[in-house]
Amino acid sequence: MNPPEATNLTEIPVLEARGLQRHFALGAQRVAVLRGADLRVMRGEFAAILGSSGSGKSTLLHILGLLDRPDGGEVLWNGEALATAGESRRTELRATESAFVFQFYFLLPEFSALENVVMPAAIARGRGRAPKSAAERRERGMELLERVGLKERMQHRPQQLSGGERQRVAIARGLMNRPSILFCDEPTGNLDSRTAHSIHELLVEVNRELGQTILVVTHEADMAAVAARRVVMRDGIISPE
Ligand SMILES: Nc1ncnc2c1ncn2[C@@H]1O[C@H](COP(=O)(O)OP(=O)(O)O)[C@@H](O)[C@H]1O
Ligand SMILES: [Mg+2]
């Protein structure tokens, strides 16, 4: 008798890291920052990696987000192995399946909030789940800015916005192409505690109401506390809290 066919009961993680290693040269020394980091993020999860400054969180997130490559180990997106995949495939997936929110926003200063939010869709040009037409992009951009509480600020340039408002624009931009995962690197690291709290709440809403999968790395316990699952980065590996 043939064995039963494999069923689909085992869900494939949106993101998986297996045994990630990364070293940096420091003069003649070789410093190991990642020493076998493992992680799984399932669809719809809001996960946080908490770690002290210098523990390798940004290094890890850059590798998970395909902005950097590991020296060893594997990164899988929706089951696809990407650590040593060709640059064109990695670039394609970065543009269509992921988005980043950084501590310092990285908005384009010459463009309005709305133009910044629409930018990823203009780059994706209808690939993946990105809006197809210019009209759809603009409509979605306006909806997202309204969603993050900036209905009255759409035409403002970044310099005309507060830090918290800039980060709201960056979050709206991150949602534009309906990414499989939203990577956030110290998203409230540049904000006062009250503004930080409002961004925590916004991320929780985005996760709950839009079902957006989110992975945050942070050294702030307050930020990590709002995630549904927390792990800790220490000595180059990831362990339960
Ligand atoms: N490009 C690089 N070249 C050399 N060392 C680096 C580089 N990037 C990061 N590091 C080192 O790796 C360690 C971890 O850095 P990072 O990932 O930025 O930590 P975190 O984000 O947790 O603060 C630090 O000691 C840092 O100096
Ligand atoms: Mg960092």
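On a predicted model such as this, the values are computed, not experimentally measured, just so you know. Remember, it's 1-based here, ligands and their atoms both numbered in the order they're listed.
Distances shorter than 2.8 Å separate the Mg ion (ligand 2) from the protein N/O/S atoms S58 OG.
One distance of note links CD of Q167 with CG of L107; it measures 8.0 Å at 0.5 Å rounding.
Counting non-hydrogen atoms of neighbouring residues, nucleotides and ligands closer than 6.0 angstrom, the CG atom of D192 exceeds 12 such neighbours. A 6.0 Å sphere centred on NZ of K132 holds more than 12 heavy atoms belonging to other residues, nucleotides or ligands. Atom CZ of R129 has more than 12 neighbouring heavy atoms from other residues, nucleotides or ligands inside a 6.0 Å radius.
For ligand 1, residues of the protein lying within 4.0 angstrom by heavy-atom distance are F24, V33, S52, S53, G54, S55, G56, K57, S58, T59.
Linking Ile, Leu, Val, Met, Phe, Trp and Tyr whenever their side-chain heavy atoms come within less than 4.5 Å puts F100 and L215 in one cluster.
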Check the pair E87, R69 against salt bridge (charged side-chain N to carboxylate O under 4.0 Å, His left out), reporting the backbone distance first and the verdict last.
CA-CA 10 Å; E87 203 46 49; R69 292 184 192 258; 2.7 Å; yes

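Under the rule for a side-chain hydrogen bond (donor to acceptor under 3.5 Å, both in side chains), the partners of E201 that lie at least two apart in sequence or sit in another chain are H197.
A salt bridge is absent between R18 and D38: the closest approach of a Lys/Arg side-chain nitrogen to an acidic carboxylate oxygen does not fall below 4.0 angstrom.
Each side-chain hydrogen bond (donor to acceptor under 3.5 Å, both in side chains) pair with one or both residues in residues 57-66, not counting sequence neighbours, appears once here: S58-D185.
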